[in-house]
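Below is one structure; the comments refer to it alone.
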Amino acid sequence: MDNKFFKYLPPWLRDPDPDQWLLTDNYLVLDFEGTNLEKGSALVDDNRILLACWRYKGVSKAVWGDVHDMGDLLADIEEADLVVAHNAKFELQWLKRAGARLQDMLTYDTMLGEYVLYGNQKVPLNLGAIASRYGLGGKEAFVDKMMRAGVCPSMLPRSLLLDRCRKDVLQTEEIFLQQRQVLKDTDRLKTVFTRNILTAPLADIEFNGMCLSADRVREEYNDAVKRTTEIGRKLDEMAGGINLNSPVQLGEFVYGTLEFEELKSKRGEPLRTPSGGRKTDSDTLSALKAKTKQQKEFVSLWSEYNKLTSALSKNLEFFKGVVEESEGGIFHGQFNQAVTATHRLSASGRPIKFEMFKKKKSVQFQNMPRAYKRLFKSRNDGWLVGEADGGQLEFRVAGFLGADKAAVDAIADKFDVHTFTSETLTANGEPTGRQDAKAHTFKPLYGGQSGTKAQQAYYQAFKARYPGITSWQENNKREVLRTKQLRIPSGLIFYWPDTKLRDDYITNSTSICNYPVQSFATADIIPIAIASLWHIMKRADMQSFIVNTVHDSTIMELHPDEVEPIGEISGFSFTDYVYFYLEEVYDVKFFVNLAAGYKVGEHWSEGEEIVFEKYPKHKLEDLIHEESTSKVEVPQGHRGTVRRRTMVQRN
DNA sequence: GGAGACTGCGCC
DNA sequence: AAATGGCGCAGTCTCC
């Protein structure tokens, strides 16, 4: 590939051939046992390794000791082409502490293998449960019981721990061998390959954590506390004594004392919570018709109070604790690779007990309020914070998956989709500005169809405007109705075994519309981009580093001299490299523009955004034209073998 | 006193 | 009868 950054990629990303890398015999299977704070995470300084067991070239080895005793292991790993482990991110983090270079390691994770095999179906993914499913026996009962009860492995008899660790390695190897055969047979080695190339980047990123600006946090926190006290006092005068955090008490006050009318559905029935309670969320309360002066005053006070208290309890108190009590104002999060139905990442916080607050608190990295992004800075003086993201990614992916000429052209011509929404809503009797229209623009992508008259008119207009996307969605629903499953171009298969036709409506329609788009965009394309970006930064020995990723974006702390090159590398990774990888690994000729946004400032989310817009070498028209003669595949939901579809009919 | 259901809310 | 997806965390409340 003709690009100056390409040479910095590791071999498996320069030549991304899943068969070559995952079907190798030169693999090493690894398991660590260690002390058990926070499940034994290497991110906890006070944890240590007790024992490493591994198998390499048919030989089982074991070493007692901590990270400084792992020389033999590191030597074997250096020689191996693939490191196999269950929940490999955990092992990689220990290897990093032992001094290994994660950028030189490709992993195969048996947890991810099982995750891919089950698609969106939730099954237990711990090693014992998987081993049982493969007929390998579960965990040894006694040791497992002790460990589940919280007994630290350092207190267990050595012989028992050794047995356990050895057994885990043997089971992991056997599961690996069986899984990769099934994955190969069902053409999903490529899917699991993409999941695995992100493991080393994530293992590394989790060590970094994010850094708060003490000044900004203190200011924000003090303001919020002050304002909450003021409003709280006024609300107390009105509502005297009730707990506003209790939906039941708040409901009684709003609908009983204040005599608000409950919102009603079109059929005239009150809109309630799933179990029949009166709704008290902020959208509902602000939609209530306030007539009396008291009603109006309450709604406006409550709305601000609710925002503030939830910001305080979910974020600001935690941030305040971090800047006052944690080294360097830094806190860490955790990425979960095998949780979501669509295979994108989820994130959890790492609970911290601050002296200034009674309860342990934690904040996850994926739902930081936008208004508080400005509280984050770099830990190094003079450095900056940068964010790279995949511009308009899900719409572009939908345009691709639906092979939609109108969508492809709209994207290439930089057509303003939200203005179209705003105009359509306005023309149908609901004057709506561009900003407010945004909320509706892509709702049809997720299967949305209900709403006000004007909204429904817009959804119809969307369907008419993008007939490729629309018919693709319809075909998918029909296919799931027939076969109960759907395969997307990554190879991932989604299963909806309970799908039925009910009064002309195919159940699960909304998921069937949404999963392929969400998955291909944020479980394939973004991981590919981040793997590229992370490797190039590492292997080009840059000082800047990645600190977070949120579905379609990644956040970095940037050395001032590296701001420009990392912009270019981001542009390459989110576009050119994605085109390359999709074609090499998935045989996908991606014919829609991809774009990378890049924003740099002293704090997160500050600064002007630069956009790298890249035109792909493949054109939809050419693919349609070639259709009859070549082996071109247009993306679609299909199972097993490739089924061609005549594109020309659709437009 | 802890677990889990329920409700609500933040992000993409 | 209704129908926009995916998450994790905090607070309340019930139940054991």
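Excluded from the calculations below are hydrogen atoms, water molecules and symmetry mates; all remaining heavy atoms, backbone and side chain alike, are included. Just so we're on the same page: letters track the sequence lines, and every chain starts at 1.
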What's [X] touching, base or sugar-phosphate or nothing? Going by heavy atoms closer than 4.0 Å.
{"X": "A:Gln449", "answer": "sugar-phosphate"}
{"X": "A:Pro444", "answer": "nothing"}
{"X": "A:Lys438", "answer": "nothing"}
{"X": "A:Ala311", "answer": "nothing"}
{"X": "A:Tyr515", "answer": "sugar-phosphate"}
{"X": "A:Arg502", "answer": "base"}
{"X": "A:Lys360", "answer": "nothing"}
{"X": "A:Ser509", "answer": "nothing"}

Modelled atom types, side-chain donor and acceptor of A:Asn508 and A:Thr499, under 3.5 Å:
yes
Testing the 3.5 Å rule here: is there a donor-acceptor pair between the side chains of A:Thr452 and A:Glu430?
yes
Reading DNA chain C from 5' onward, which residue's closest nucleotide shows up sooner: A:Gly448 or A:Lys361?
A:Gly448
Just N and O in the side chain of [X]: are any of them under 4.0 Å from OP1 or OP2 of [N]?
{"X": "A:Arg278", "N": "B:dT7", "answer": "no"}
{"X": "A:Asn315", "N": "B:dG10", "answer": "no"}
{"X": "A:Thr522", "N": "B:dC12", "answer": "no"}

Reading DNA chain C in the 5' to 3' direction, which nucleotide is the first one with an atom under 4.0 Å from a heavy atom of chain A, and which is the last?
C:dA1 to C:dC13
